[in-house]
Student: 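Here it is, the structure, as structure tokens.
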Amino acid sequence: MRNFFTYKYSNLYPLIAIVGGLTIVIFSLVYANDVRCSYFLIAAYLIMFLFINYKTCLKSLIYLTIIGGLFFLIAYLVSNRLDQGLSMINRVAAFTVGMIPGVSLGTDRLARNLSQIRAPRSLTIGMLIVFSFMPTLLNESRRVKEGMKARGSFTVLNPKILYRAFLIPFITRIVDISDTLSLSIETRGFDLHNKNYSLYKKEYIRFSDILFLLLIVLGIILVIIL
């Protein structure tokens, strides 16, 4: 799971990648009950192969197969109708395919793009902290669990052991890390109210970015008119 959210193979313009992904999600959710939505999602998935590294697309297909199959089975067993199961798969696929452009971006590129359009620095810095903090949480959680196993106290059946051996050390480490992050921001001179800053490297829109968005829009138009 962690590796899936750290791929940085997309060369799409960050904001166009985000807009394209959101467009796929919103449109697919609206047309989820239509079989044409399935064709659109398949086409959108193939478009991802043209603009994004195939490893990211294949990993998303694994999640779609597992989660989509589970939700299809639940919907079919409850309603005993294949169209309800297809509708559920379309909804799962909408989020799976729509998030591919976003998760394939590096957080540094997205933050740089937001800074380039002069977005609020609180938003940019907050986003960087959140995305960098999630892998840290996973690492710390794994280390605490390893420490519990070494002491022979790794269990979720006893709330007292779970509270003392996992929650307290985990929360203590997170507080220490948050203090370090705050100190790091201060020592690097980040000013949330200063807009007179320069960028070492800028993001530029290319023809492939426009083509990516046009192909998604073309797919939407075809679904509507056909």
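Note that this is a predicted model, so its numbers are computed, not measured.
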Student: Output a table of donor-acceptor pairs, distance under 3.5 Å, between side-chain atoms of residues 210-223 and any protein atom two or more places apart or on a different chain; print 'none' if there are none.
Tutor:
none

Student: How many angstroms lie between CG in Leu15 and CD in Glu203, if you round to the nearest 0.5 Å?
Tutor: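 Taking CG in Leu15 and CD in Glu203, the distance rounds to 9.0 Å.
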Student: Would you mind listing the cluster partners of Ile26? Hydrophobic ones only (ILVMFWY), side-chain contacts under 4.5 Å, chaining allowed.
Tutor: none
Student: Looking only at heavy atoms, which two atoms of Gly85 and Ala75 are closest? And how far apart?
Tutor: CA-CB, 4.0 Å
Student: Could you see if Leu64 belongs to whatever hydrophobic cluster contains Ile74? Use Ile, Leu, Val, Met, Phe, Trp, Tyr and a side-chain cutoff under 4.5 Å.
Tutor: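 Leu64 does not cluster with Ile74.
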Student: Any non-hydrogen side-chain atom of Phe71 less than 4.5 Å from a side-chain atom of Ile66?
Tutor: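 With C-beta onward as the side chain, the pair stays apart.
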Student: Is a side-chain N or O of Ser60 found less than 3.5 angstrom from the main chain of Cys57, in a donor-acceptor match?
Tutor: yes
Student: Test of understanding: with side chain to side chain contact (heavy atoms under 4.5 Å, CB included), list the residues that count as partners of Thr172, not counting sequence neighbours.
Tutor: Ile168, Asp176
Student: With a 4.5 Å cut-off on side-chain heavy-atom distances among I, L, V, M, F, W and Y, is there a chain of contacts connecting Ile52 to Ile16?
Tutor: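 Both belong to a single hydrophobic cluster.
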Student: Mind running side chain to side chain contact (heavy atoms under 4.5 Å, CB included) on Ile24 and Met48 for me, showing each step along the way?
Tutor: CA-CA 12 Å; Ile24 292 174; Met48 300 302 168; 3.4 Å; yes
Student: Should Val30 and Ile224 be counted in the same cluster of Ile, Leu, Val, Met, Phe, Trp and Tyr side chains packed under 4.5 Å apart?
Tutor: yes
Student: Ile205, Phe207: one ILVMFWY side-chain cluster at the under-4.5 Å cut-off?
Tutor: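 Yes: a chain of side-chain contacts under 4.5 Å links Ile205 to Phe207.
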Student: Does Arg206 have any salt bridge (Lys or Arg N to Asp or Glu O under 4.0 Å) partners at least two apart in sequence or in another chain, and if so, which?
Tutor: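 By the salt bridge (Lys or Arg N to Asp or Glu O under 4.0 Å) rule, Arg206 matches no residue at all.
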Student: Could you list the residues that satisfy ring-ring contact (aromatic ring centres under 6.0 Å, His included) with Phe49, not counting sequence neighbours?
Tutor: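 ring-ring contact (aromatic ring centres under 6.0 Å, His included) list for Phe49, sorted by chain: Tyr45.
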Student: With heavy-atom distances below 4.5 Å as the criterion, would you say the side chains of Leu22 and Ile18 are in contact?
Tutor: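 A side-chain contact exists here, since the closest heavy-atom pair is under 4.5 Å.
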Student: Show which side-chain atoms of residues 88-101 pair as donor or acceptor with protein atoms under 3.5 Å away, not counting sequence neighbours.
Tutor:
| unit_1 | atom_1 | unit_2 | atom_2 | d |
| --- | --- | --- | --- | --- |
| Asn90 | OD1 | Ser38 | OG | 2.7 |
| Asn90 | ND2 | Ala32 | O | 2.8 |
| Asn90 | ND2 | Ser38 | OG | 3.4 |
| Asn90 | ND2 | Leu86 | O | 3.4 |
| Arg91 | NH1 | Ser87 | O | 3.4 |
| Arg91 | NH1 | Ser87 | OG | 2.3 |
| Thr96 | OG1 | Val92 | O | 2.9 |

Student: When clusters are formed by joining ILVMFWY residues with side-chain heavy atoms under 4.5 Å apart, either directly or through shared neighbours, do Leu46 and Val35 land in the same one?
Tutor: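 In one cluster with Leu46: Val35, no.
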Student: Name all pairs fulfilling the salt bridge (charged side-chain N to carboxylate O under 4.0 Å, His left out) condition that reach into residues 28-42, sequence neighbours left out, sorted by first residue then second.
Tutor: Asp34-Arg36
Student: Show me the pairs that pass ring-ring contact (aromatic ring centres under 6.0 Å, His included) and involve residues 23-44, at least two apart or across chains.
Tutor: Phe27-Tyr31, Phe27-Phe40
